[in-house]
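Take a look at the structure set out below.
The chains referred to below are lettered A, B, ... by the order of the sequence lines, with proteins before strands, and numbering in each begins at 1.
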There are 2 protein chains.
Amino acid sequence: MSSTDFGPATGAARALPPNYRTVLDVVETAGPGSHLTAQEIWVRARALQPRIGFATVHRGLIRLHELGSVMKIDVPGEASAVYEPAAHPHAHFRCSACGAIGDLDYVVPRAALRRLGERHGIAIEREAVTFTGRCAACNAVPPGTSDGRSTPA
Amino acid sequence: MSSTDFGPATGAARALPPNYRTVLDVVETAGPGSHLTAQEIWVRARALQPRIGFATVHRGLIRLHELGSVMKIDVPGEASAVYEPAAHPHAHFRCSACGAIGDLDYVVPRAALRRLGERHGIAIEREAVTFTGRCAACNAVPPGTSDGRSTPA
DNA sequence: ACTGAGACTGAGAACCGATATCACTCCGTA
DNA sequence: TACGGAGTGATATCGGTTCTCAGTCTCAGT
């Protein structure tokens, strides 16, 4: 699944446009566990392509999401969506005190998915599991003492 | 807990303001399984209090969410948050074809929550599980035939 | 009753992320 | 060379959420 093998076949997958490639580079360089907003990705992309516009970054993220190269995560309580390189499915955690977002290795068991699908007649294609609470750092601080709000991102 | 017994104590819980009570009525009348946006709740609230403003409804929803009386659900792919009366935790399903939202009875097992909390040193307080796929109605229709987009809400 | 403080309220503006639009450029093909 | 489709950047637009502000109301303590 390297992103460099182009599909030259008749009307099949086209080569990734250069700017989209830049967007993918930014996301993949940030690595798994990094949760970047489109804005942040745009800022970093401009370090590589100073003239790249936000619209292009946004379109690139849509395309890359369709291609399955990046994951788009809608975190409840977060204003904007965040992106990370595609990886095996996992859950996310958001600290309600400092806003930090992290990965957790939890997936809904396949048996449960099949049971839900059969019972309701639905075809489940994707899952999004997000936990909210207090992260380790904020957990150590009494919930009134300076609030742990020093690391909001 | 009628809305007439005021809490006279020194700074304890105040009584629910009348308009907030109206908002709560709307949400509870819609019942569990109804997923109303703030706009929809506002429309229904105006049937009870014609002069109520959207800001008041929105503030009421925030308050009621803090109080734990209503649940706020951020559905990935949905533009706005939806609200429903507080109930036992459950998962949600969104049809990617028609946009319908429904409830599913799935919760992350307590053992898994405890294990995740211990491993990462976090205190999990809430979970949000959302599945995406095709609902029973859209599942029956071949994925190009009129798209099943007749029942978007 | 009077009064001051604080909560509630409605209307509208402001904000912000996401998306659409449009004119232009680039590149491969006929 | 001419054409056409995809890519691109700047900007407009949209919709949901949140903020602001002035007016109103309720309550506690006189």
Side-chain angles (χ1 to χ4, degrees), chain A residues 6-24 26 35-43 45-46 48-67 70 72-83 99 101 152-153, chain B residues 3-24 26 35-43 45-67 70 72-83 99 101 152-153:
Chain A
F6 302 121
T10 34
R14 245 184 326 282
L16 205 58
N19 277 336
Y20 292 9
R21 174 75 219 180
T22 299
V23 172
L24 180 57
V26 168
H35 303 97
L36 303 176
T37 65
Q39 286 281 344
E40 290 166 344
I41 293 169
W42 179 44
V43 170
R46 277 192 300 180
L48 306 176
Q49 294 284 344
R51 299 213 8 92
I52 196 171
F54 175 77
T56 300
V57 170
H58 192 265
R59 279 182 295 232
L61 289 169
I62 293 174
R63 171 78 58 87
L64 292 167
H65 182 233
E66 289 170 357
L67 294 174
V70 306
K72 177 182 180 181
I73 307 149
D74 287 287
V75 183
E78 201 74 355
S80 57
V82 297
Y83 300 84
I101 299 174
Chain B
S3 56
T4 50
D5 45 3
F6 300 121
T10 32
R14 246 186 324 282
L16 204 59
N19 277 337
Y20 292 8
R21 175 75 218 180
T22 299
V23 173
L24 180 57
V26 168
H35 303 98
L36 302 176
T37 65
Q39 286 279 346
E40 291 167 344
I41 293 169
W42 179 45
V43 170
R46 277 192 299 180
L48 306 176
Q49 295 284 346
R51 299 213 8 91
I52 196 171
F54 176 77
T56 300
V57 169
H58 193 267
R59 280 182 294 230
L61 289 169
I62 293 175
R63 171 79 56 87
L64 292 167
H65 182 234
E66 290 170 355
L67 293 174
V70 306
K72 177 181 180 181
I73 306 151
D74 286 287
V75 183
E78 199 74 355
S80 58
V82 296
Y83 300 84
I101 299 174

Checklist outcome for this item: Residues A:Val57 and A:Ala38: closest non-hydrogen pair is CG1-O, 4.1 Å

Checklist entry - Going from OH on B:Tyr83 to CD on B:Glu40, what distance comes out if it is rounded to the nearest 0.5 angstrom? => result 11.5 Å

Checklist entry - side chain to side chain contact (heavy atoms under 4.5 Å, CB included) with A:Ser80: which residues, sequence neighbours excluded? => result A:Thr37

Item to check | With B:His65 via side chain to side chain donor-acceptor pair (under 3.5 Å) - residues at least two apart | outcome: B:Arg126

Item to check | Listed partners of A:His35 passing side chain to side chain donor-acceptor pair (under 3.5 Å), at least two apart | outcome: A:Glu84, A:Asp103

Checklist entry - Between D:dG16 atom P and B:Ile73 atom CD1, what is the distance in whole Å? => result 17 Å

Next on the checklist: The criterion is side chain to side chain contact (heavy atoms under 4.5 Å, CB included); which residues satisfy it with A:Pro17, sequence neighbours excluded?
Outcome noted: A:Tyr20, A:Arg63

Checklist outcome for this item: side chain to side chain donor-acceptor pair (under 3.5 Å) filter on A:Gln49, not counting sequence neighbours, yields none

N/O contacts under 3.5 Å, protein versus nucleotides 17-23 of chain D?
from	atom 1	to	atom 2	distance (Å)
D:dT17	OP1	B:Ala81	N	3.0
D:dT18	OP2	B:His58	NE2	3.0

Checklist entry - Just how far is it from atom CD1 of A:Ile62 to atom CG of A:Leu67, taken to the nearest 0.5 Å? => result 12.0 Å

Checklist entry - Just to confirm, is there a sub-4.0 Å distance from OP1 or OP2 of D:dG7 to any side-chain nitrogen or oxygen of A:Arg63? => result yes

Item to check | For atom CD of B:Glu78 and atom C1' of D:dG15, their distance in whole Å | outcome: 13 Å

Next on the checklist: So if I define the base as every atom that isn't primed, P, OP1 or OP2, how would nucleotides 24-30 of chain C read as a B/S/- string at a heavy-atom cutoff under 4.0 Å?
Outcome noted: -------

Checklist outcome for this item: When rounded to the nearest 0.5 Å, the distance separating CG of B:Leu36 from CD1 of B:Ile101 is 10.0 Å

Checklist entry - What distance separates A:Asn19 CG from A:Ile52 CD1, expressed to the nearest 0.5 Å? => result 4.0 Å

Checklist entry - Tell me: CH2 of A:Trp42 to P of D:dT8, nearest whole Å? => result 16 Å

Checklist entry - Taking CD1 from B:Ile52 and C1' from D:dT24, how many angstroms apart are they, rounded to a whole number? => result 15 Å

Checklist entry - Do B:Trp42 side-chain atoms and B:His58 backbone N/O form a donor-acceptor pair below 3.5 Å? => result no

Checklist entry - How long is the line joining NE2 of A:His65 and P of C:dA18, in whole Å? => result 13 Å

Checklist entry - To the side chain of B:Asn19, which of D:dA10, C:dG10, D:dT8 is closest? => result C:dG10

Next on the checklist: Nearest whole Å is fine: how far is C:dC8 C1' from B:Leu64 CG?
Outcome noted: 14 Å

Checklist outcome for this item: Taken to the nearest whole Å, CG/A:Leu48 to P/D:dT8 is 14 Å

Next on the checklist: Roughly what angle, to 10°, lies between the helix axis at the start of the helix from C:dA1-D:dT30 to C:dA30-D:dT1 and the one at its end, five pairs per end?
Outcome noted: 10°

Item to check | Euclidean distance, atom OH of residue A:Tyr20 to atom C1' of D:dG9 [Å, nearest integer] | outcome: 11 Å

